[in-house]
Amino acid sequence: MTDQDNIFLPYAHGVPQCRGMIRACPEDFMVDEIPLVEPDGEGEHLLLHVEKRDSNTAWVAGTLARHAGVSRMDVSYAGLKDRHALTRQWFSIRLAGKPEPDWSAIESTEFRVLQTARHSRKLRVGALKGNRFRIRVRAFEGDEAALNATLNNIARDGIPNYFGEQRFGTEDGNLASARALFTGELKRVKREKRGFYLSAVRSLLFNKVLASRVTAGNWNRPLAGERMMLAGTRSSFPVASVDEEIMQRLECMDIHTSGPLWGRGESMVSGEVAELESAVLLPEQFWRDGLERFGLQMERRSLRVAVSDLTWDRRGDLLELDFSLPKGCFATTLLRECIDYHPAAIKPDQPCASEAVATPGGRQ
């Protein structure tokens, strides 16, 4: 039994009445990064818009560094993207007087450089607005009327901001490694991997709090002592009592209820919310102590996420969904609310069926 087996993530919009298969090939899971900044046209940094297929972001960054003859530390990106997917995202590379390489020389089926532009600053982690998704569900079957109703509810009310299964690794491998790290069994860990393990633990605790509030029906309704998050930011403010203004701002998705990203420091909530979170996380002393020992600071994350530009189209047993999510949110979290999905049995690098592939954001 894995650590995640001890938690059930309840549905906010009812148990899905439809089924289907995802990731039959990378083109079935398309992601387009929505940048936060535009290139300013000058400077020692080069921004590269890269399309990658069935490859991970860190590997692409290393390949770019080797081709340019620079340190891996001189290559950065705003966020990690799914490996088993076709994704487009921005990288930056510090050339510092070096000539720009011929990027076509390393073009392959795994990635290619679509566009380059000079910029004065390094691209920082988190420097994106969000991501645009196009997801195909194959072998689709079920109650289409129920699907339409659920998707309309999602477009209006948003979804619980659960961390997706990707955060925990294959068979919860990141949590298993975190446990070994906390017990001292795992001693020498690269900084990046340690970050994955600690993030997985924080995500587990957050999901447990959110699951309890979805079950109670108050995940999108403020309670006494709440800490509200400003939409699209990491800023928050306390709410001692809920008034009409707070409810109006909540209704228009300007603010959201929040849950803990565990670490050292005060919880930032009080009253009913503090009691609820304390009760849910009381059995998690091992995980809480480990996060604090490794120096993480208490933060908050929205319990709810608004979904933008949601459209869907069914053609026979193929369902296609298009939507945008803010940074740090998971497409599979939306998908699980409306589809009981399973991954394809074939390898993801195999070619898809003959449907035309359109670019996210526009239909063919």
Can you see whether [X] engages [Y] through a side-chain donor-acceptor pair at a distance of less than 3.5 angstrom?
X	Y	result
Thr116	Glu100	yes
Gln89	Thr57	yes
Ser120	Glu42	no
Arg300	Ser236	no
Ser92	Ser76	yes
Trp219	Asn161	no
Ser203	Arg167	yes

How far apart are the closest heavy atoms of [X] and [Y], and which atoms are they?
X	Y	result
Ile34	Ser324	CD1-OG, 4.2 Å
Pro260	Met298	CB-SD, 4.3 Å
Arg19	Gly142	NH2-CA, 3.8 Å
Val242	Met247	CG1-SD, 3.5 Å
Ala24	Met21	CB-CE, 4.2 Å
Ala306	Leu325	O-CD2, 4.2 Å

ask   = Can Asn153 and Leu151 be said to form a side chain to side chain contact (heavy atoms under 4.5 Å, CB included), step by step?
value = CA-CA 5 Å; Asn153 289 340; Leu151 288 170; over 6 Å; no

Rounded distance (nearest 0.5 Å) linking atom [atom1] of [X] with atom [atom2] of [Y]:
X	Y	atom1	atom2	answer
Gln297	Leu291	CD	CG	11.5 Å
Leu310	Cys338	CG	SG	8.0 Å
Phe111	Leu48	CZ	CG	9.5 Å
Thr257	Leu223	OG1	CG	8.0 Å
Leu123	Phe91	CG	CZ	9.5 Å
Asn131	Lys327	CG	NZ	11.0 Å

Any side-chain heavy atom of [X] sitting closer than 4.5 Å to one from [Y]?
X	Y	result
Ile22	Leu335	yes
Glu337	Ile154	yes
Phe140	Arg314	yes
Val70	Leu64	no

ask   = Are the ring centres of Tyr162 and Phe206 closer than 6.0 Å?
value =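 They do not qualify: ring centres at least 6.0 Å apart.
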
Any ion pair linking [Y] and [X] (charged N to carboxylate O, less than 4.0 Å)?
X	Y	result
Arg136	Glu320	yes
Arg134	Asp322	yes
Asp157	Arg304	no
Asp313	Arg315	yes
Arg132	Asp32	no
Glu226	Arg213	yes

Trp262 six-ring face occupied by Arg202 cation (under 6.0 Å, within 45°) =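 Arg202 over Trp262 ring: no.
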
ask   = If you draw the axis of the six-membered ring of Phe330, does the NZ or CZ of Arg336 fall within 45° of it and under 6.0 Å from the ring centre?
value =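 Checked: cation-pi criterion not met.
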
ask   = How are the rings of His67 and Trp103 set to each other: parallel, tilted or perpendicular (split at 30° and 60°)?
value =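 Rings of His67 and Trp103: tilted, 30 to 60°.
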
Hphob cluster co-occupancy, [X] + [Y], side-chain heavy atoms under 4.5 angstrom:
X	Y	result
Phe168	Leu296	yes
Leu114	Val37	no
Ile159	Met229	no
Trp59	Tyr77	yes
Ile255	Met253	no

query = Do Glu277 and Val269 pass the side chain to side chain contact (heavy atoms under 4.5 Å, CB included) test, and can you show the C-alpha distance, the side-chain angles, and the key distance before you say yes or no?
reply = CA-CA 9 Å; Glu277 293 181 2; Val269 292; 3.7 Å; yes

ask   = Among Lys52, Lys129, Lys81, whose salt bridge (Lys or Arg N to Asp or Glu O under 4.0 Å) with Glu33 holds?
value =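 Of Lys52, Lys129, Lys81, salt bridge (Lys or Arg N to Asp or Glu O under 4.0 Å) with Glu33 is met by Lys81 alone.
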
inquiry  = Walk me through whether Leu318 and Val137 qualify under side chain to side chain contact (heavy atoms under 4.5 Å, CB included).
reply    = CA-CA 6 Å; Leu318 180 71; Val137 180; over 6 Å; no

request  = Give the C-alpha distance, both sets of side-chain angles, the deciding distance and a yes or no for salt bridge (charged side-chain N to carboxylate O under 4.0 Å, His left out) between Arg88 and Glu51.
outcome  = CA-CA 4 Å; Arg88 301 183 182 98; Glu51 179 183 270; 2.9 Å; yes

Within the supplied structure, the quantity of interest is the number of heavy atoms (other residues, nucleotides, ligands) at a distance under 6.0 Å from [X] [atom1]; does it exceed 12?
X	atom1	value
Glu251	CD	no
Arg293	CZ	yes
Arg234	CZ	no

request  = Quick one: do Gln166 and Thr332 satisfy side-chain hydrogen bond (donor to acceptor under 3.5 Å, both in side chains)? Show the steps, please.
outcome  = CA-CA 9 Å; Gln166 305 96 308; Thr332 50; 3.3 Å; yes

message = One pair to check against salt bridge (charged side-chain N to carboxylate O under 4.0 Å, His left out): Arg53 and Glu27. What are the steps and the verdict?
response = CA-CA 8 Å; Arg53 182 183 188 275; Glu27 287 78 7; 2.8 Å; yes

task = Test ring pair (Phe, Tyr, Trp, His ring centres under 6.0 Å) on Phe323 and Trp312 and set out the steps.
result = CA-CA 9 Å; Phe323 54 92; Trp312 58 98; over 10 Å; no

request  = Any chance you could lay out the side chain to side chain contact (heavy atoms under 4.5 Å, CB included) test for Asp143 and Leu147, step after step, and finish with the verdict?
outcome  = CA-CA 6 Å; Asp143 188 336; Leu147 173 71; over 6 Å; no

ask   = Can you list the steps and then say if Asp317 with Arg138 is a salt bridge (charged side-chain N to carboxylate O under 4.0 Å, His left out)?
value = CA-CA 6 Å; Asp317 66 351; Arg138 297 179 184 272; over 6 Å; no

message = Does Tyr197 form a ring pair (Phe, Tyr, Trp, His ring centres under 6.0 Å) with Phe182? I'd like the steps, not just the answer.
response = CA-CA 10 Å; Tyr197 305 155; Phe182 289 178; 9.7 Å; no

